[in-house]
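Presented below is the structure to which this report refers.
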Number of protein chains: 2
Amino acid sequence: MITEQAVTSADKTFFQLRSDIVEGVIPSGSKLSETELSTKYQVSRAVIREAINRLEACHLVERRANVGARVVSLTPAGLIQLYQVREALEGMAARLAAKNMSDDEIADLTSLLDNHFQTVKDGNSYYQEAGDLDFHYRIILGSKNQHLIEVLINGIYHLIRMYRVQLGMAGPRVTTAFDEHKHVVQAIANRDEELAEILMRRHILYSKNNIERKLLQS
Amino acid sequence: MITEQAVTSADKTFFQLRSDIVEGVIPSGSKLSETELSTKYQVSRAVIREAINRLEACHLVERRANVGARVVSLTPAGLIQLYQVREALEGMAARLAAKNMSDDEIADLTSLLDNHFQTVKDGNSYYQEAGDLDFHYRIILGSKNQHLIEVLINGIYHLIRMYRVQLGMAGPRVTTAFDEHKHVVQAIANRDEELAEILMRRHILYSKNNIERKLLQS
DNA sequence: GAACGCTATATTGTCGACATTCCTCTGAAT
DNA sequence: ATTCAGAGGAATGTCGACAATATAGCGTTC
């Protein structure tokens with residue numbers, strides 16, 4: 001896992017705000033007042049502005065000139081659109097991972113899945129959050145494509161997590177998702193780019209359908 | 001075409017800097033000194049900093065804490081990676097456009113291609129830049145997917161243009177590209193999502209291969 | 001009573017100055 | 001000659017104050 005390190009005060013404020021937004025401490029749709037936040041976090045408005053600018057770059061807030069910044073509003077349609085982008089990008093990531101991951105990295109990925117299998121078999125649902133994330137992160141990083149990594153990890157994943165937390169989605173589907181992960185890894189191990197992409201896209205598409213079903217229930 | 005309107009001073013500075021970077025007036029790899037730029041553009045450093053922050057969000061510059069910002073360096077590998085992302089995203093855009101564009105929009109797109117056909121037949125190479133861009137923009141917008149639109153139009157396209165200008169790529173391939181465009185539009189008109197995506201991906205893949213060939217020559 | 005315009009206020013945008021960090025250059029010691 | 005340490009300088013990071021803009025509330029007019 002890549003650990004972001006806060007060197008400057010704006011970094012810390014950015015990480016704090018991002019966490020508060022994603023976890024729902026700052027509710028979606030609410031306004032971000034610069035003066036208010038500067039007193040709350042005991043930093044100058046310049047720092048807050050810098051942090052808000054970065055939040056905008058992550059698509060977590062929207063700014064309007066001379067008006068201010070608001071946390072993005074979460075809509076079912078927005079979540080669907082997010083999954084469409086994710087399907088396209090992670091599909092390509094799996095394709096590139098099949099081409100660019102080293103044999104060692106693939107071996108690590110395989111053993112990771114074995115560990116996951118143990119936790120799942122033991123009835124432990126630890127797999128739900130961290131395991132799923134770890135799997136997807138490794139493949140994204142395995143693509144060795146800097147743009148892909150940037151957009152997915154710094155952009156889309158925080159938004160996805162925000163949706164999960166706030167719309168009360170209970171993580172990924174545990175039972176079937178594991179088999180899907182396994183097949184993706186097999187395709188990558190076989191260096192089958194085409195199949196790796198197809199399987200990853202289907203995996204994400206299933207997740208999307210699953211979420212759509214849950215959204216319709218509520 | 002979406003016309004961005006500069007309301008604030010930071011907006012103007014951002015647009016100016018972005019243009020200068022993309023067009024090579026500010027060379028790639030060079031350092032962006034805040035004090036220097038603030039005297040050059042007659043604005044305060046705060047404005048410059050805001051502009052640089054936005055440039056970083058577009059992936060046009062890279063910042064390091066307490067060190068400064070540099071214009072991104074252009075490498076053949078980077079361009080290839082960019083086209084991989086573009087293939088994934090615009091493929092999905094074509095798929096969604098086949099689903100979400102209105103009949104009127106599709107009719108407009110068809111007549112746009114007819115106009116292009118005239119200019120190409122007349123031996124006019126106007127098609128090269130603006131025409132190609134217009135075609136791709138319409139399909140991206142036709143996807144009606146806000147994330148897709150954001151990432152492609154505000155992020156990737158400026159970078160692509162920067163590569164084109166500075167590595168001296170002479171626009172898209174005129175003759176064969178036109179037929180490819182036509183087939184994509186036909187698939188969209190037939191509401192064939194699968195085919196629209198496949199054709200768009202191949203279209204971009206061909207462009208990538210074409211560029212790779214040119215890069216090997218030099 | 002409703003619509004329009006104005007004023008007051010609060011928020012964002014911009015500025016110059018200060019604090020802090022990094023890089024370079026010098027010089028000394030091994 | 002090379003390496004390390006420190007001082008100097010220049011850049012970025014942060015701050016508080018001022019300017020410009022949008023919003024809300026009130027009063028006026030039709």
Side-chain angles (χ1 to χ4, degrees), chain A residues 3-21 25-73 150 154, chain B residues 3-21 25-73 150 154:
Chain A
T3 56
E4 301 166 304
Q5 186 126 3
V7 22
T8 174
S9 175
D11 288 342
K12 287 195 269 285
T13 309
F14 167 60
F15 291 144
Q16 179 70 47
L17 275 176
R18 188 180 62 184
S19 169
D20 286 351
I21 288 173
V25 178
I26 300 176
S28 75
S30 63
K31 182 161 165 35
L32 291 179
S33 165
E34 295 181 359
T35 55
E36 187 183 327
L37 291 173
S38 72
T39 60
K40 180 177 175 184
Y41 288 114
Q42 295 290 332
V43 290
S44 83
R45 266 186 57 220
V47 172
I48 298 291
R49 280 178 70 84
E50 167 122 10
I52 288 181
N53 277 332
R54 292 200 226 168
L55 290 171
E56 190 187 16
C58 302
H59 307 285
L60 288 174
V61 311
E62 289 168 346
R63 267 182 65 187
R64 276 174 46 197
N66 289 313
V67 174
R70 306 191 79 86
V71 180
V72 293
S73 309
E150 246 286 310
N154 290 331
Chain B
T3 56
E4 301 167 306
Q5 186 126 3
V7 22
T8 175
S9 175
D11 289 342
K12 285 195 270 284
T13 309
F14 167 60
F15 291 144
Q16 180 69 46
L17 275 176
R18 188 180 62 185
S19 170
D20 286 351
I21 289 173
V25 177
I26 300 176
S28 77
S30 65
K31 181 160 164 41
L32 290 180
S33 164
E34 295 181 359
T35 56
E36 187 183 327
L37 291 174
S38 72
T39 60
K40 181 178 175 185
Y41 288 116
Q42 295 291 330
V43 290
S44 83
R45 265 185 60 218
V47 172
I48 298 290
R49 279 177 71 83
E50 168 122 11
I52 289 181
N53 277 332
R54 291 200 226 170
L55 291 172
E56 189 187 17
C58 302
H59 307 285
L60 289 174
V61 312
E62 289 168 347
R63 268 182 64 189
R64 274 175 45 196
N66 289 314
V67 174
R70 306 191 79 86
V71 180
V72 293
S73 309
E150 246 287 308
N154 290 332

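Chain letters run A, B, ... following the sequence lines, proteins first, then strands; residues in each count from 1. As a basis for the values below, the full set of heavy atoms in this structure was taken, side chains included, without hydrogen atoms, waters or symmetry mates.
The minimum heavy-atom distance between V72(A) and E62(A), with the atom names listed, is CG1-CG, 3.9 Å. The minimum heavy-atom distance linking S33(B) with T35(B) is given by the pair OG-OG1, 3.2 Å. Between Q5(A) and F15(A) the shortest heavy-atom distance is C-CE1, 4.1 Å. The shortest heavy-atom contact between R54(B) and A10(B) is NH2-CB, 3.8 Å.
Helix bend of the helix from dG1(C)-dC30(D) to dT30(C)-dA1(D): the angle between its two end axes, each built from five pairs, comes to 20° after rounding to 10°.
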Practice prompt. Apply side chain to side chain contact (heavy atoms under 4.5 Å, CB included) to V47(B) and Y41(B), showing your working.
Written response: CA-CA 10 Å; V47(B) 172; Y41(B) 288 116; over 6 Å; no
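Using a cutoff of 4.0 Å between basic side-chain nitrogens and carboxylate oxygens, E50(A) and R49(B) are scored as salt-bridged.
Put simply, SG on C58(A) and CD1 on I21(A) are 9.0 Å apart, with the number rounded to the nearest 0.5 Å.
Taking the side chain as every heavy atom from C-beta outward, L37(B) and T13(B) never approach each other to under 4.5 Å.
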Worksheet, complete the sentence: Readout for nucleotides 7-19 of chain C: B = base within 4.0 Å of protein heavy atom, S = sugar-phosphate only, - = neither; 5' to 3' it is ----SBBBB-B--
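For K12(B) and dA20(D), the NZ to C1' distance is 12 Å, given to the nearest whole Å.
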